[in-house]
Amino acid sequence: MKNSIITLLSDFGTKDHYVASMKGTILRINPGCTLVDITHHVNAHDVEEGAFLLGNAYCSFPKGTVHLAVVDPGVGGPRRPLLLVTPDHFFVGPDNGLFTLVLMREKLRMAVTPTDQKFFLPRVSHTFHGRDLFAPVAAHLSLGVKPEAFGPQIDSWFELDFPKPIIERGRLSGEVIHIDRFGNLITNVTEKELARFSKGRSLTVTIGRRKIQSLKKGYWEGKRNEAMALVGSGGFLEISVKEGSAQKLLKINRGDPVQVSPRSQAANSK
Amino acid sequence: MKNSIITLLSDFGTKDHYVASMKGTILRINPGCTLVDITHHVNAHDVEEGAFLLGNAYCSFPKGTVHLAVVDPGVGGPRRPLLLVTPDHFFVGPDNGLFTLVLMREKLRMAVTPTDQKFFLPRVSHTFHGRDLFAPVAAHLSLGVKPEAFGPQIDSWFELDFPKPIIERGRLSGEVIHIDRFGNLITNVTEKELARFSKGRSLTVTIGRRKIQSLKKGYWEGKRNEAMALVGSGGFLEISVKEGSAQKLLKINRGDPVQVSPRSQAANSK
Amino acid sequence: MKNSIITLLSDFGTKDHYVASMKGTILRINPGCTLVDITHHVNAHDVEEGAFLLGNAYCSFPKGTVHLAVVDPGVGGPRRPLLLVTPDHFFVGPDNGLFTLVLMREKLRMAVTPTDQKFFLPRVSHTFHGRDLFAPVAAHLSLGVKPEAFGPQIDSWFELDFPKPIIERGRLSGEVIHIDRFGNLITNVTEKELARFSKGRSLTVTIGRRKIQSLKKGYWEGKRNEAMALVGSGGFLEISVKEGSAQKLLKINRGDPVQVSPRSQAANSK
């Protein structure tokens, strides 16, 4: 298992020593593994945001990668630890919904709750399972320990009620689920859902008080200071501004609604 | 010395090229080493904060790890470079107190001031010893060069006057030494000192105008919007709020006092 | 090609999953390569800042390093992808001027525009060439694929009109091109230009309303709350404050002018 890869995602930030504590712990167990940060800037305790970012990042990594994700407001309490196995990946973290997007996209092979303390640090604190429990489990996994060795298999786990777009009165209604560094407004409407809804028709996207006619292919087709709609690199409908911030221009927050309608209808309703 | 590990801690931030310059320099000397960031977001010139974060992170890393730490307001001036050897670790950085916490926790094996220029870059600037001196010394160490080869052994070095809790009038008085990303208030009162002071008695923790009765085991036992006290993952007394920020709730700054007293006494004084 | 190194620079920030998507893609192609971040905090769409930071960082890395740089406001549009070969390094990114500083400092061996889709991801999005095109090209390069295999060689490319200092009326005039984390004001006046201009004379540096007499060697020679001038670690004239921020003290922005004159003249004009 040389060249094994472990990714890390958390809400620990990068100022404190918490991320380094997890990495040192992993390297004590598997000194040869490659560590890759997904992000540690998930908003504190924001499991939904963590689920979104993990769900978009994991799929770029090689077969066999272990994804260690710790956004864990319930640390030390009754929530269980969780180890998930999909055809190509392993996931380790708290059973609080952090893997919801992964589970929407992947076929689950096995779910285990790690209970065997021989894979934990000798002393497990009540406040930092990232270092004391999840990191060592991830490290042992990366060394080739079989998932079923960590504890009993389980057949239920916690999932977030991730907002799904709905079609009503001829409109496809979704919401903004993430706003990225550039101020791009990423919605929960997927490329597939758009295609199924549009049936080849031209579309109007409504967000806030703005109506956006038709979809662009890429940012370069937009105009400065003008919102455009397109399918972003993650396969979601996205509202953007060329070399600018759609968030600033439109003053939109996460959770705000977005609507897609056939163009003619929208034009009429103007 | 395959799989050698070098950690990096600095106040360089991650926007500028300074950290990359150190890493490139290390990889020119030891291309196979594993680089792990502890943090680069120490407040500019804040040696005490750097000492705290390093002192909490180093111990998670494997035997033989080289810890390169550069918070160095006196760069280029009379302060000496320092190389410390403990039973399990090496430390490289300026002799300005950055290793104070490490020295409080570890048995020192050897202290060296690196003076042999063959282990530095050919041209050492007056403003960036992190790249020109400390990084190459750390890299050569990671290749197995003996510590005593870098320069003369020394028997005195600079240490910060790190605030220690004191007991007076039946109270254990400490202070907040770090506030983490979650707004947890981490004090300089250790678990050991708490145990020795409490002698099994229940305790009251006073911070700002707030009195907190008894200690929790973990965050999940707390209530929202209510301060709780517990022993955190670093072994220090910590004031926290469940899924919230104790810093925001209590409006406390680093350096503010905290007091621990037996519960009955505190109850009386209410 | 074991131990090959790829550096990454972008304006993606570290909160989103974009950087991880590039890294995962690279590791799918070359699982053994070492990934080093230069920075991902280039201001959004700020090609000039990216060029400056890359131009200061690349030279610390070993021969054979691949530098992947993605500040790419024109992604998906007509701008071409670019692969540059210098005696010691490879550079991959958009042809928009991001390599201007590199080209000012290095002898170019070969310029290629990568067009062969067998080195891209199977599906190239219109909005994320960092993941779909540049990362895979960099990864294949790191495996030893010859640069000319990626596409046709070209003999023109885009370069920024990087501001160069000029001498007029006996003064050397430059500008602030970067402000670092410490508030140091880094100008475009190089050590060489200073030496050529001074001819051994003592110098006065004028910035904002401030005149600074003579150059210091390092920060430790300065006084608190007083601006000093020196040649920084990148070889540029820099205005700094000992353990403080020149930016805050002088209220200077990127692009603001700086002037160097012989000391006597400046003293007269006071």
Side-chain angles (χ1 to χ4, degrees), chain B residues 2-6 8 10-37 39-47 70-79 94 96 121 123-133 135-136 139, chain C residues 2-5 7-9 11 13-14 32 34-43 49-50 52-65 67 88-89 178-184 186 191 215-222 224 230-235 238 240 242-245:
Chain B
K2 285 294 178 75
N3 286 334
S4 53
I5 296 165
I6 298 179
L8 299 98
S10 77
D11 62 349
F12 294 162
T14 49
K15 169 147 187 179
D16 296 303
H17 59 280
Y18 303 133
V19 173
S21 297
M22 293 201 296
K23 290 181 177 176
T25 299
I26 290 170
L27 292 169
R28 278 220 309 277
I29 295 166
N30 183 0
C33 88
T34 296
L35 299 167
V36 183
D37 295 315
T39 182
H40 300 288
H41 297 290
V42 173
N43 290 325
H45 314 304
D46 191 340
V47 176
V70 189
V71 180
D72 194 13
V75 58
R79 73 98 191 87
N96 62 9
L121 288 198
R123 189 182 160 188
V124 175
S125 72
H126 295 282
T127 55
F128 195 5
H129 286 191
R131 176 193 63 188
D132 303 339
L133 193 158
Chain C
K2 285 293 177 75
N3 286 333
S4 54
I5 296 165
T7 77
L8 300 97
L9 175 144
D11 61 348
T14 49
T34 296
L35 298 167
V36 183
D37 294 315
I38 293 179
T39 182
H40 299 289
H41 297 289
V42 173
N43 290 325
E49 185 174 63
F52 176 82
L53 292 167
L54 178 64
N56 278 275
Y58 80 91
C59 43
S60 291
F61 284 85
K63 194 174 164 70
T65 297
H67 301 280
D88 287 348
H89 299 270
H178 184 68
I179 301 178
D180 76 7
R181 195 248 168 137
F182 299 99
N184 295 315
I186 297 161
E191 189 170 16
L215 270 67
K216 304 289 189 205
K217 273 192 192 168
Y219 306 129
W220 92 100
E221 292 184 340
R224 283 176 193 256
L230 46 71
V231 174
S233 63
E238 181 178 316
S240 305
K242 184 181 186 172
E243 295 180 41
S245 163

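Side chains are part of it too, since the values below use all heavy atoms of this structure and drop only hydrogens, waters and symmetry mates. Order of the sequence lines sets the chain letters (A, B, ...), proteins ahead of strands, with each chain counted from 1.
- Both the backbone and the side chain of Phe12(B) come within contact range of chain C, each with at least one heavy atom under 4.5 Å from a heavy atom of that chain.
- With values rounded to the nearest 0.5 angstrom, Asp37(C) atom CG is found 9.0 Å from Thr14(B) atom OG1.
- Within the 4.5 Å cutoff, no side-chain heavy atoms of Thr39(C) are placed close to those of Asp16(B).
- Residues Pro62(C) and Pro31(B) fail the side-chain proximity criterion, which asks for heavy atoms closer than 4.5 Å.
- Considering only heavy-atom pairs separated by less than 4.5 Å from chain B, the leading option among Arg181(C), His41(C), Lys63(C) is Arg181(C).
- With a 4.5 Å cut-off on non-hydrogen atoms, Arg79(B) does not touch chain C at all.
- Scanning for salt bridge (Lys or Arg N to Asp or Glu O under 4.0 Å) contacts around Lys15(B) gives Glu49(C), with sequence neighbours left out.
- Closest non-hydrogen pair, Gly232(C) versus Thr127(B), comes out as C-OG1, 3.9 Å.
- For Phe182(C) and His45(B), the gap between ring centers is short of 6.0 Å.
- Heavy-atom pairs under 4.5 Å with chain C peak, among Ala135(B), Gly76(B), Pro78(B), Gly74(B), at Gly76(B).
- Using a 4.5 Å cut-off between heavy atoms, Leu8(C) makes no contact with chain B at all.
- Using a 4.5 Å cut-off between heavy atoms, Leu230(C) contacts chain B through its side chain alone, with no backbone atom that close.
- With sequence neighbours excluded, the residues satisfying side-chain contact (heavy atoms from CB on, under 4.5 Å) with Val231(C) are Glu191(C), Leu194(C), Leu215(C).
- At a threshold of 4.5 Å between non-hydrogen side-chain atoms, the residues Trp220(C) and Val75(B) do not count as touching.
- Put simply, of Leu35(B), Thr25(B), Asp11(B), Ile29(B), the one with the most heavy-atom pairs under 4.5 Å next to chain C is Asp11(B).
- Only the backbone of His40(B) comes within contact range of chain C, judged by heavy atoms closer than 4.5 Å.
- Taking all atoms of both residues into account, the shortest heavy-atom contact from Lys217(C) to His126(B) is O-CB, 3.2 Å.
- Defined by atom type and a distance below 3.5 Å, a donor-acceptor pair is missing between the side-chain atoms of Asp180(C) and His17(B).
- Taking each heavy atom of Asn56(C) and Ser21(B) in turn, the nearest pair found is O-OG, 4.1 Å.
- Between the side chain of Arg28(B) and the backbone N or O of Ser60(C) there is at least one donor-acceptor pair closer than 3.5 Å.
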